[in-house]
**Q** 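One structure, pasted below without further comment.
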There are 2 protein chains.
Amino acid sequence: MKTAYVIAANGSEEIETIAPLDFLRRAGADARLIGLDTKEPVLSHGVTVVCDGVLDEVCGTLPDLLVLPGGLKGAANISASDTLREMAARQLKENRLLGAICATPAHALAKWGLTAGRSWTCYPGCEAAGESVRQERVVVDGNLITARGPGVSLEFAAALVRALCGTDAAEQLVSGTLTLIR
Amino acid sequence: MKTAYVIAANGSEEIETIAPLDFLRRAGADARLIGLDTKEPVLSHGVTVVCDGVLDEVCGTLPDLLVLPGGLKGAANISASDTLREMAARQLKENRLLGAICATPAHALAKWGLTAGRSWTCYPGCEAAGESVRQERVVVDGNLITARGPGVSLEFAAALVRALCGTDAAEQLVSGTLTLIR
């Protein structure tokens, strides 16, 4: 069974965190909600979720897919984590999947040097001066999947399912959930 | 400030629960996550959320907007609640707003007799034999807002913001979150 860790930091955006977890579980993946530094993080709009574990417990094993949600404060907390920086770098290097959305591609992945030479996107304006990002809602470049913001969460989640579980699983998911894909 | 209760039952669909709460809070509403019968319900794909209160504590006061998420088991739990049945009926009668999505419009609202003479929708196939539902993704009929399924959650949430907080707030939200509206 394919494995995924969806990271929930204090300040992670609710929909960007929950939609990937939900869709990955619908597609049959072993998707776990992993608290960055607490099992009960408070997300960006005040919702507290109970995670399946915390990063320190699982960081010894890389999942098939690592998902880093956005939210400005959540992205800052993710960016400050040496453990996540190392895991994200290994995901890309070892040809595992890495997904990030909203502020996080710019404020964490780019800062960590992981977007160099890649096509990627982020929330409009989060990119640093001189960084060139794509204007698409979701950008898939090899094993890196990035997306623009909370309103793109369902499309991002569907793209993660496609990358992890295949086209058939993604099409079944999109159809069954009535997800709108541009 | 406009008030909203988003009900979270055991088995409520994650995205259908969290997206309305998130978008309503973004639009400045006093939106509260209210557990149907526990403060920490386990939603349809295993995510436990910590609610702001439980229904017994708040049922004496009607909000400006009552939101009933879907999920088959969540809809069944909502449908079995006499308190919610009475609150939902009063919402419509007193010209407050009522929103429901996925299985819940059919399995709760229609069963409670609240869809009679109304235009409404639900997850395809959840309607009973002889019930006529609209094929649109979101249907607004006066103070009743219904929608079809988890992939429609963002559009549903935006429609709730429009009904509760106005067109300007909804347009600002849709633009700021990059939500796709058909």
Side-chain angles (χ1 to χ4, degrees), chain A residues 6 8 13-27 29-33 39-52 70-71 101-102 121-124 135-138 147-158 173-182, chain B residues 6 8 13-27 29-33 39-52 70-71 101-102 121-124 135-138 147-158 173-182:
Chain A
V6 178
E13 213 291 327
E14 277 83 350
I15 305 171
E16 293 169 1
T17 306
I18 296 303
L21 186 75
D22 183 314
F23 276 19
L24 288 162
R25 287 182 175 173
R26 283 176 179 267
D30 175 12
R32 299 186 197 175
L33 187 60
K39 201 172 174 188
E40 298 197 6
V42 182
L43 307 187
S44 62
H45 296 91
V47 176
T48 299
V49 290
V50 182
C51 293
D52 303 305
I101 182 168
C102 201
T121 193
C122 64
Y123 191 83
Q135 305 303 309
E136 284 88 354
R137 295 171 64 82
V138 179
R148 301 197 92 188
V152 188
S153 295
L154 301 179
E155 295 149 85
F156 175 58
L173 174 96
V174 165
S175 163
T177 55
L178 310 171
T179 298
L180 199 55
I181 306 277
R182 180 175 279 167
Chain B
V6 178
E13 213 290 328
E14 278 82 351
I15 306 170
E16 295 170 0
T17 306
I18 296 304
L21 186 76
D22 183 314
F23 275 19
L24 288 163
R25 287 183 175 172
R26 284 175 177 267
D30 175 13
R32 298 186 199 175
L33 188 61
K39 200 171 175 189
E40 298 197 6
V42 182
L43 306 187
S44 63
H45 296 91
V47 177
T48 299
V49 291
V50 181
C51 293
D52 304 304
I101 183 169
C102 201
T121 194
C122 64
Y123 191 83
Q135 304 304 310
E136 285 88 354
R137 293 170 66 80
V138 178
R148 301 199 93 186
V152 188
S153 295
L154 302 178
E155 296 148 86
F156 175 58
L173 173 97
V174 165
S175 163
T177 55
L178 309 173
T179 298
L180 198 56
I181 306 277
R182 180 175 280 168

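Convention: sequence-line order gives letters A, B, ...; per-chain numbering from 1.
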**Q** Do you know which of B:Pro150, B:Ala157, B:Gly149 has the most heavy-atom pairs under 4.5 Å to chain A?
**A**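 Looking at each option in turn, the highest pair count goes to B:Pro150.
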**Q** Is there side-chain contact between B:Pro124 and A:Leu178, with heavy atoms separated by less than 4.5 Å?
**A**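 With C-beta onward as the side chain, the pair touches.
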**Q** Donor-acceptor pairs are to be reported for all side-chain atoms of residues 17-25 of chain B against protein atoms at under 3.5 Å, with residues two or more places apart or in another chain.
**A**
{"from": "B:Thr17", "atom 1": "OG1", "to": "B:Glu13", "atom 2": "O", "distance (Å)": "2.7"}
{"from": "B:Asp22", "atom 1": "OD1", "to": "B:Arg26", "atom 2": "NE", "distance (Å)": "2.8"}
{"from": "B:Arg25", "atom 1": "NE", "to": "B:Ala31", "atom 2": "O", "distance (Å)": "2.9"}
{"from": "B:Arg25", "atom 1": "NH1", "to": "A:His45", "atom 2": "O", "distance (Å)": "2.6"}
{"from": "B:Arg25", "atom 1": "NH2", "to": "B:Ala31", "atom 2": "O", "distance (Å)": "2.9"}
{"from": "B:Arg25", "atom 1": "NH2", "to": "B:Asp52", "atom 2": "OD2", "distance (Å)": "2.9"}

**Q** Which one, B:Gly176, B:Cys102, B:Ala158, B:Ser153, leads in non-hydrogen pairs under 4.5 Å with chain A?
**A**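 Most pairs with chain A among the choices: B:Gly176.
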**Q** Please enumerate all residues that pass side chain to side chain contact (heavy atoms under 4.5 Å, CB included) together with B:Thr121, with sequence neighbours excluded.
**A** B:Val139, B:Thr146, B:Arg148
**Q** If you count heavy-atom pairs within less than 4.5 Å of chain A, which of B:Leu33, B:Ile15, B:Leu180, B:Val152 leads?
**A**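 The answer is B:Leu180.
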**Q** Heavy atoms only, distances under 4.5 angstrom: which of A:Val47, A:Leu173, A:Leu43, A:Val42 has the most pairs with chain B? Name it, please.
**A** A:Val47
**Q** Among A:Gly151, A:Ser44, A:Cys51, which has the most heavy-atom pairs under 4.5 Å with chain B?
**A**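 Of the options given, most contacts go to A:Gly151.
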**Q** Who among B:Glu40, B:Arg182, B:Arg137 has the most heavy-atom pairs with chain A under 4.5 Å?
**A**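 Going by pairs under 4.5 Å, I would pick B:Arg137.
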